[in-house]
Amino acid sequence: MSVLTKEREAEAADAVAKALEIEDLANLAIPRNSQSAQTSSAVASIVAYSFERFIEKQRAVSFQSDSESNAFVDIGSLTSDYDFLQLTNKDDACLPSSSSRRKTNTLLEKDMYPYIQSFFDAVASAVGAAYRLVGEDVTAPLQTLTPFKGADRTPKGSDDTRRIDIGLKINNSSIISASDNSKDPDYSDMLAVLEAKGSVNKQKDAYKQLFEYSRNLYVR
């Protein structure tokens with residue numbers, strides 16, 4: 001291991017320790033404009049409700065709603081993705097069958113990739129539909145977060161050979177198709193990096209890797 005690599009790993013460990021002290025980090029993504037924040041909240045609520053409704057119906061569970069008049073997106077009409085439909089039919093919520101689990105009861109990372117990617121695609125499509133439900137104009141390109149389809153790859157634009165699990169990029173369309181994300185990851189087009197882990201006990205390890213990988217997003 002080179003001196004530079006050791007220094008980067010030490011910096012990553014320090015940064016992760018500080019980041020974990022920040023509470024409610026997701027709120028940093030809320031729009032500052034009050035009208036935009038209200039729209040964002042309404043869209044998020046519709047999308048969350050729609051997925052809950054769809055998943056419960058996929059599993060043939062009686063769906064209980066606070067109000068039958070709740071606005072929702074028909075998730076089934078937005079996607080026919082095999083991996084996503086398989087994911088929604090699984091009771092353990094994340095993923096592949098027990099045959100892919102190690103003896104330590106963790107999941108193999110590579111088996112998780114298609115499920116994670118298909119979920120991001122389904123959410124991106126649902127966001128576009130939800131914006132229309134709340135009366136927003138989506139004739140202009142709608143920016144959503146979608147994955148590169150090439151997983152466990154060394155992205156272009158890296159100064160090392162380490163592979164990332166999944167790269168995420170901005171998709172300027174409210175309609176997601178298979179061809180949109182067909183290419184391998186490239187740091188110049190990437191917004192964020194996703195690291196999959198088969199056990200919650202590896203959360204800190206994932207954060208360290210993300211810190212190290214993410215530097216490539218800003219060095220160009």
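The first residue of the sequence shown is numbered 1, and numbering continues consecutively from there.
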Practice item. Could you give me the CA-CA distance, side-chain angles and deciding distance for Met190 and Tyr187, then say whether side chain to side chain contact (heavy atoms under 4.5 Å, CB included) is met? Key: CA-CA 5 Å; Met190 201 178 300; Tyr187 276 120; 4.0 Å; yes
Review point. Between Lys169 and Asp189, is there a side-chain N and carboxylate O pair less than 4.0 Å apart?
Key: no
Review point. Under the side-chain hydrogen bond (donor to acceptor under 3.5 Å, both in side chains) test, which residues partner Asp74, sequence neighbours left out?
Key: none
Check your understanding: Are Leu217 and Ser214 close enough that some pair of their side-chain heavy atoms sits under 4.5 Å apart?
Key -> yes
Check your understanding: Below 6.0 angstrom between ring centroids: does that apply to Phe51 and Phe119?
Key -> yes
Exercise for review: State the CZ-OG distance between Phe72 and Ser45, to the nearest 0.5 angstrom.
Suggested key: 15.5 Å
Review point. Nearest 0.5 Å, what's the OG-NZ distance between Ser118 and Lys149?
Key: 7.0 Å
Revision key, fill the gap. When rounded to the nearest 0.5 Å, the distance separating CE of Met112 from CD of Gln117 is 11.5 Å
Practice item. Taking the side chain as every heavy atom from C-beta outward, state whether Asn171 and Leu145 have any atom pair closer than 4.5 Å. Key: no
Practice item. Give a yes or no on whether the backbone of Gln35 and the side-chain of Thr39 come within a donor-acceptor separation of less than 3.5 Å. Key: yes
Review point. Do Ile75 and Ser50 come close enough that some side-chain heavy atom pair is under 4.5 Å?
Key: yes
Practice item. Give the minimum heavy-atom separation between Ala37 and Pro31, together with the two atoms involved. Key: CB-O, 3.6 Å
Review point. What is the minimum heavy-atom distance between Ile166 and Ala151, and which atoms define it?
Key: CG1-CB, 4.4 Å
Practice item. Identify the heavy atoms of Gly157 and Asn216 that sit nearest to each other, and give their distance. Key: O-OD1, 4.2 Å
**Study point:** Nearest-0.5 Å distance, CZ of residue Arg162 to CD1 of residue Ile164
**Key:** 11.5 Å
Check your understanding: Considering only heavy atoms from C-beta outward, does the side chain of Gln203 approach that of Lys197 to under 4.5 Å?
Key -> no
Review point. So which heavy atom on Tyr113 is nearest to which on Ala196, and how close?
Key: CE2-CB, 4.2 Å
Exercise for review: Enter the distance from Phe148:CZ to Leu194:CG here, rounded to the nearest 0.5 Å.
Suggested key: 13.0 Å
Exercise for review: Would you mind reporting whether Leu168 and Val193 have side-chain heavy atoms less than 4.5 Å apart?
Suggested key: no
Check your understanding: So, do Gln209 and Glu195 sit near enough that their side-chain heavy atoms are less than 4.5 Å apart?
Key -> yes
Exercise for review: I would like to know whether Ile46 and Val134 meet side chain to side chain contact (heavy atoms under 4.5 Å, CB included); could you show each step before the answer?
Suggested key: CA-CA 9 Å; Ile46 290 173; Val134 299; 3.5 Å; yes
Exercise for review: Of all the heavy-atom pairs spanning Val73 and Ala126, show the shortest one and how long it is.
Suggested key: CG2-O, 4.0 Å
Review point. To the nearest 0.5 Å, what is the distance between CG (Asp121) and CG (Leu78)?
Key: 11.5 Å
